[in-house]
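Notes to accompany the following structure.
Keep in mind that what you see is a predicted model, and the values were worked out from it rather than measured. Below, all heavy atoms of this structure are taken into account, side chains as well, without hydrogens, waters or symmetry copies. The chain is numbered in sequence order, starting from 1. Ligands are counted one by one from 1 in listed order, and the atoms in each one are counted from 1 as well.
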Amino acid sequence: MKTTVRGVRSVEIEMSEPERAAEFYSKVWHLTEVARSNGSYWFRGTGAYHHILAIHPATRGAAIRRLTFAAANKDIVQALHAKVVASGCTTEAPHALATPGGGYGFGFADPEGRNLAVVCGENDHQDDADVKDRPRKIAHVNLNAAQLEKSNNFLADVLGFRKIDHSGPLHFFHCDSTDHSSMVMGAAATPTLNHVSFELPDLDSCMRGGGRMRDAGYPIEWGPGRHGAGNNVFCYFAGPEEFPIEYTAEVMQVDDSYEFHGPEYWKWPPGRLDQWGITPPHTARWKRIQDLVLFTPGQYRL
Ligand SMILES: [Fe+2]
């Protein structure tokens with residue numbers, strides 16, 4: 001039994017115009033609404049998770065409220081809770097959840113004040129087959145840390161992630177999953193969200209997603225291209241209220257034999273930013289919005 005999580009289960013965000021954002025995530029981004037209550041919306045992907053995105057009304061503009069990690073069972077939830085308590089972070093006792101999807105888990109504030117949660121036993125879906133052009137799940141979340149070493153150590157020592165690659169300024173973290181990475185960390189002046197990545201079932205779905213977004217008035221801010229570490233294809237966008245989102249596909253599948261490589265290994269030849277050598281540099285807008293969205297302070301309780 002690995003005392004770690006199985007990846008990012010869901011992301012909760014806050015929007016000034018939640019109704020408009022909900023329409024976008026349904027009609028353009030291709031998630032499916034599963035619950036609605038008091039101005040909040042919950043959406044699933046094609047995978048089994050009850051929901052992968054929740055949108056709540058914002059009080060101060062676009063924000064990220066919480067990341068929830070999936071745990072395999074209650075024993076893992078309890079073991080991770082004990083490690084979070086021992087780390088000195090603010091937390092609550094694991095309990096049955098009354099939110100849509102239910103389950104059992106706990107929330108906590110990590111060393112930089114981000115609201116994180118670990119949950120198991122949600123009321124997941126039986127149908128989980130891929131559907132072209134529709135996201136399966138959250139592939140990874142990329143966070144910016146003001147105290148990068150401290151945040152990286154927390155992921156490794158408390159939540160059980162393994163640092164699997166280090167490319168340029170980015171540190172990639174692998175957990176109890178076959179996905180190359182589920183969390184990516186970089187440095188910034190304040191702890192902000194870099195982006196949330198949604199996994200599509202194949203490369204063509206990723207490319208057509210780029211076209212669908214362009215048609216809807218959301219041009220590609222970086223991509224299309226294929227990353228080095230993780231080997232995934234990518235298109236990055238500014239979603240509603242300039243929330244930074246990615247479509248990705250073909251994420252490298254790994255096992256324990258995968259070998260770590262550092263920045264020297266992952267260096268691109270001059271003028272290149274991806275494996276194919278086709279992506280232009282990211283836009284000025286992408287540079288701005290990938291260090292813009294803050295976590296809602298103090299909302300660690302589930
Ligand atoms: Fe990404």
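Residue Asp179 is tested with His140, His174, Lys137 for a side chain to side chain donor-acceptor pair (under 3.5 Å); the sole match is Lys137.
Residue-level check: among N/O/S atoms of His195, NE2 sits closest to the Fe ion (ligand 1). Taking the Fe ion (ligand 1) as reference, the nearest N/O/S atom within Glu246 carries the name OE1.
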Test ring-ring contact (aromatic ring centres under 6.0 Å, His included) applied to Phe43 and Phe198, step by step: CA-CA 12 Å; Phe43 293 90; Phe198 293 77; over 10 Å; no

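Within a 6.0 Å sphere centred on CG of Asp215, heavy atoms belonging to other residues, nucleotides or ligands number more than 12.
Of the N and O atoms on the side chains of Tyr104 and Gln78, at least one donor lies less than 3.5 Å from an acceptor on the other residue.
Residue His227 does not count as close to the Fe ion (ligand 1), with no N, O or S atom under 2.8 Å.
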